[in-house]
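Only a predicted model underlies this, so the values are computations on that prediction, with no experimental measurement involved.
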Amino acid sequence: MKKLFWALGLLLLLTACGQREEAVEGNLILTNYAPESISQVSVEYAGGSLLSEAAIADTQLCSFSLPEEAALTYTVSFETAEGETVRETFTGSFAAGETVYLRADREDGSWRLDYDSVS
């Protein structure tokens, strides 16, 4: 019985770790640090726009491939489960394979969208 318990525990642990692994492709990475889901993540920039309809929550990622430019101004927005739209404009460098990391988080009941310190 103990062996079965340990085997089941190990299986659950490995399964939980596997759910966190996500393929990250792109040079703009948005991580949702709030337990609440966000969806309809969009990026608008001169010359185009990108959209991800999938909901993400609890340290899940959403990635986009933006043009490789040194000073690209872009606007990121997402919708919350409450129907609120959060929008912020940034200027970043995507030249020479650089990646920009952003974070969505909920603090004191308010959503915020800012640069992430992860690099």
Side-chain angles (χ1 to χ4, degrees):
M1 186 68 168
K2 277 186 173 181
K3 288 181 183 179
L4 180 60
F5 175 74
W6 283 106
L8 183 59
L10 181 61
L11 181 63
L12 288 174
L13 180 63
L14 291 174
T15 302
C17 292
Q19 291 175 346
R20 297 279 182 211
E21 290 182 24
E22 301 175 36
V24 178
E25 295 179 9
N27 54 6
L28 177 65
I29 312 296
L30 171 67
T31 303
N32 181 7
Y33 288 98
E36 298 89 358
S37 294
I38 61 173
S39 62
Q40 302 296 322
V41 180
S42 69
V43 180
E44 299 172 7
Y45 57 94
S49 63
L50 304 166
L51 173 68
S52 175
E53 297 178 3
I56 60 171
D58 193 23
T59 66
Q60 290 180 323
L61 308 174
C62 185
S63 61
F64 299 95
S65 294
L66 274 65
E68 292 188 8
E69 293 183 21
L72 181 67
T73 299
Y74 56 97
T75 301
V76 178
S77 65
F78 62 84
E79 290 185 18
T80 68
E82 298 85 20
E84 177 185 358
T85 300
V86 177
R87 180 182 317 275
E88 191 68 45
T89 300
F90 302 91
T91 299
S93 177
F94 297 96
E98 292 185 52
T99 301
V100 173
Y101 296 88
L102 300 177
R103 68 182 291 130
D105 205 350
R106 191 165 187 170
E107 196 171 278
D108 297 325
S110 297
W111 283 94
R112 68 183 188 121
L113 182 58
D114 204 353
Y115 289 104
D116 196 346
S117 61
V118 175
S119 57

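- When side chains are defined from C-beta on, Thr99 counts as touching Tyr101, because their heavy atoms get closer than 4.5 Å.
- Counting only distance, with no hydrogens or angles, the side chain of Ser63 and the backbone of Glu25 share a donor-acceptor pair below 3.5 Å.
- Pairs engaging residues 61-80 under the salt bridge (Lys or Arg N to Asp or Glu O under 4.0 Å) rule: none recorded [sequence neighbours left out].
- Using a 4.5 Å cut-off between side-chain heavy atoms of Ile, Leu, Val, Met, Phe, Trp and Tyr, with links allowed through other members, Leu51 and Val76 fall into different hydrophobic clusters.
- Both Leu50 and Phe78 are assigned to one and the same hydrophobic cluster, defined by single-linkage of ILVMFWY side chains at heavy-atom distances under 4.5 Å.
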What pairs of donor and acceptor atoms, side-chain ones from residues 84-98 against any protein atom, are under 3.5 angstrom apart with sequence neighbours left out?
{"residue": "Thr89", "atom": "OG1", "partner": "Thr75", "partner atom": "OG1", "Å": "3.0"}
{"residue": "Thr91", "atom": "OG1", "partner": "Thr73", "partner atom": "OG1", "Å": "3.0"}
{"residue": "Ser93", "atom": "OG", "partner": "Ala70", "partner atom": "O", "Å": "3.3"}
{"residue": "Ser93", "atom": "OG", "partner": "Glu98", "partner atom": "OE2", "Å": "3.3"}

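- Summarising the geometry of Ala57 relative to Ser37, their closest heavy-atom pair is CB-OG, 3.5 Å, with the distance given to 0.1 Å.
- Annotation: side chain to side chain donor-acceptor pair (under 3.5 Å) contacts of Ser77 (sequence neighbours excluded): Ser42.
- Considering all non-hydrogen atoms of both residues, Ile38 and Ala104 come closest at CD1-CB, 4.0 Å.
- When the side chain to side chain donor-acceptor pair (under 3.5 Å) test is applied to Asp105, the partners found at least two apart in sequence or on another chain are Arg103.
- Among residues two or more places apart in sequence or in another chain, the salt bridge (Lys or Arg N to Asp or Glu O under 4.0 Å) test is passed with Glu82 by Arg106.
- Here Ser49 pairs with nothing under the side chain to side chain donor-acceptor pair (under 3.5 Å) rule; sequence neighbours left out.
- To the nearest 0.5 Å, the span separating OH on Tyr74 from CG on Leu102 amounts to 4.5 Å.
- Looking only at distances, a side-chain donor or acceptor of Asn32 sits under 3.5 Å from a matching main-chain atom of Ile56.
- For the atom pair Ile29 CD1 and Phe64 CZ, the distance stands at 9.5 Å (nearest 0.5 Å).
- Taking hydrophobic clusters as Ile, Leu, Val, Met, Phe, Trp and Tyr residues chained together by side-chain heavy-atom distances below 4.5 Å, Tyr33 does not share a cluster with Val41.
- Counting heavy atoms from C-beta on, the side chains of Leu30 and Val43 never come closer than 4.5 Å.
- Side-chain atoms of Asn27 come within 3.5 Å of backbone atoms of Leu66 as a donor-acceptor pair (strictly under, hydrogens ignored).
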